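Only heavy atoms go into these numbers, but all of them, side chains included; no hydrogens, no water, no symmetry mates. Note that the structure is a prediction, hence the values are computed from the model and not measured. Order of the sequence lines sets the chain letters (A, B, ...), proteins ahead of strands, with each chain counted from 1.
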Protein chains: 2
Amino acid sequence: MKSRRDDLVETALKLFYIHGFNATGIDRILAESGVAKMTLYKHFRSKDELILAALQLRDERFRNWLMAEMEKASADPEERLLSMFSALETWFLGKAFKGLGFSGCAFINAAGEFGDQAHPAHRLAAEHKRRIVDYLAELCRQAELPEPEKLAEQLALLKEGAIATAHVRNMPEAARTAEKMARVLIESAKAGDGGSAT
Amino acid sequence: MKSRRDDLVETALKLFYIHGFNATGIDRILAESGVAKMTLYKHFRSKDELILAALQLRDERFRNWLMAEMEKASADPEERLLSMFSALETWFLGKAFKGLGFSGCAFINAAGEFGDQAHPAHRLAAEHKRRIVDYLAELCRQAELPEPEKLAEQLALLKEGAIATAHVRNMPEAARTAEKMARVLIESAKAGDGGSAT
DNA sequence: TATAAAACAGACAGGTCTGTATATTTGTCA
DNA sequence: TGACAAATATACAGACCTGTCTGTTTTATA
């Protein structure tokens with residue numbers, strides 16, 4: 001049951017992601033979604049609110065996609081962690097979200113356009129990233145890796161680095177680079193601390 | 001000998017970096033630099049050209065700053081490599097470029113706003129990143145580390161990850177996280193390959 | 001089918017944007 | 001001082017932007 005509101009947010013997300021937030025006018029979103037202007041302003045107080053709704057949709061959709069990819073890749077928590085980078089590669093190659101291609105991370109882009117840390121869009125971006133770290137930390141715990149929170153932060157940093165590199169330099173292979181680095185760091189964590197307490 | 005053109009580019013860089021490219025109007029750049037509009041259009045064909053000039057200045061200035069920080073940190077190539085992350089921390093804390101604070105990487109931001117890979121600003125961003133990788137690879141060679149190009153790509157990826165994390169999540173400590181990761185990866189490179197051929 | 005809510009079309013106000021035109025002032029150098 | 005180049009102030013065109021207003025048509029529900 002797709003409402004007019006859903007059409008609007010869906011189209012907005014697509015255009016904001018591809019062309020940027022400030023560069024995308026409301027008229028274009030209305031034209032491509034086939035929704036009337038008054039309908040938009042009945043559902044949203046302003047363009048800013050539409051931006052936030054689009055980012056919320058993106059957060060939900062991206063994390064669902066990533067977690068599904070990782071969960072279908074393997075049942076073993078450690079392999080599941082490493083499979084994040086295979087999922088990233090799929091994304092970088094434009095095969096993850098139909099109709100979208102790869103234009104970097106919508107939240108890194110949002111933080112770039114709305115540089116002020118207090119801006120709602122920037123805060124939403126920070127939350128999105130934190131949620132992913134939380135998920136990685138949970139997997140690290142399941143894998144009984146030492147210092148799971150610390151390792152989760154490391155893996156998240158690798159993910160961000162891969163995204164930025166893949167986008168700015170047009171290098172989808174950054175996903176594999178990051179994967180290799182992750183393997184080294186996980187092994188180091190196991191060896192350096194309490195992995196094998198034999 | 002600061003020309004009017006220099007004033008213009010300097011002010012443009014500052015405002016573009018803080019507020020974004022599309023969000024910064026020409027009138028504001030003119031007001032803050034105290035330059036007349038006709039003077040701008042005598043030096044630049046369009047706003048886009050001013051954006052490119054600002055990014056070129058940023059490329060030059062940022063790389064000079066980073067290399068100077070690294071070179072003054074240590075004469076040993078390996079320690080010099082690691083000192084990149086101390087420099088990043090300085091930057092993240094807003095102590096690197098006076099009057100600018102930290103609003104992420106101007107080139108990641110530019111790639112975000114100008115998503116098209118063919119856009120001149122996006123291409124300039126890719127070039128900037130490549131130049132830094134080249135510098136890191138040179139240091140890896142000086143340090144006689146195995147597979148210097150590969151390691152340079154890894155260190156560069158850590159740098160991008162630290163920048164994105166520090167900016168989006170407001171976590172300057174990402175610099176130290178990345179530094180620790182770099183130490184592990186360098187040691188692994190030495191052990192895994194031909195570091196100690198004894 | 002009757003009624004009410006939702007979405008529609010389209011004009012429009014008021015502001016901002018880039019870029020241009022014109023005429024005046026400033027600065028430099030011989 | 002005189003001549004010439006550079007920079008200035010100011011107005012303006014034309015496009016685009018967000019958000020509002022009015023009135024009509026569609027859609028869902030009872």
Hey, does the side chain of [X] come within less than 4.0 Å of [N]'s phosphate (OP1/OP2), counting only N and O?
X	N	result
His43(B)	dA7(D)	yes
Arg4(B)	dT8(D)	yes
Thr39(B)	dT8(D)	yes

Using the six-membered ring wherever Trp is involved, compare the ring planes of Phe107(A) and His128(A) and label them parallel, tilted or perpendicular (cut-offs 30° and 60°).
->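 Answer is parallel, since the angle falls under 30°.
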Among Arg61(A), Lys98(A), Arg5(A), find the residue that satisfies the salt bridge (charged side-chain N to carboxylate O under 4.0 Å, His left out) test when tested with Glu10(A).
->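 Filter result, single survivor: Arg61(A).
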Minimum heavy-atom separation for Gly99(B) to Ile18(B), with atom names?
->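 Here Gly99(B) and Ile18(B) meet closest at O-CD1, 4.4 Å.
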Considering all heavy atoms of both residues, which atom of Leu151(A) and which atom of Leu185(A) are nearest to each other, and what is their separation?
->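 For Leu151(A) and Leu185(A), the tightest heavy-atom pair comes out as CD1-O, 4.3 Å.
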Using a cut-off of 4.0 Å between protein heavy atoms and nucleotide atoms, how would you tag nucleotides 14-24 of chain D 5' to 3' with B, S and -?
-> ----BBBBB--
Inspect the contact between Lys190(B) and Glu78(B) and indicate whether a charged nitrogen and a carboxylate oxygen are less than 4.0 angstrom apart.
->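 Judged by the 4.0 Å cut-off on N to carboxylate O distance, Glu78(B) and Lys190(B) do form a salt bridge.
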Please determine, by modelled atom types, if Gln56(A) and Glu60(A) share a side-chain donor-acceptor pair under 3.5 angstrom.
->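 No.
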Could you tell me whether Arg58(B) sits above the aromatic face of Phe97(B), with NZ or CZ closer than 6.0 angstrom to the six-membered ring centre and within 45 degrees of the axis?
->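 Yes, Arg58(B) and Phe97(B) form such a contact.
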Anything under 4.0 Å to a heavy atom of chain B counts; send over the first and last such nucleotide of DNA chain C, read 5' to 3'.
->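 Span of nucleotides near chain B: dT18(C) to dT22(C).
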When the aromatic ring centroids of Phe114(A) and Phe21(A) are compared, is their separation below 6.0 Å?
->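 Yes, the ring centres sit under 6.0 Å apart.
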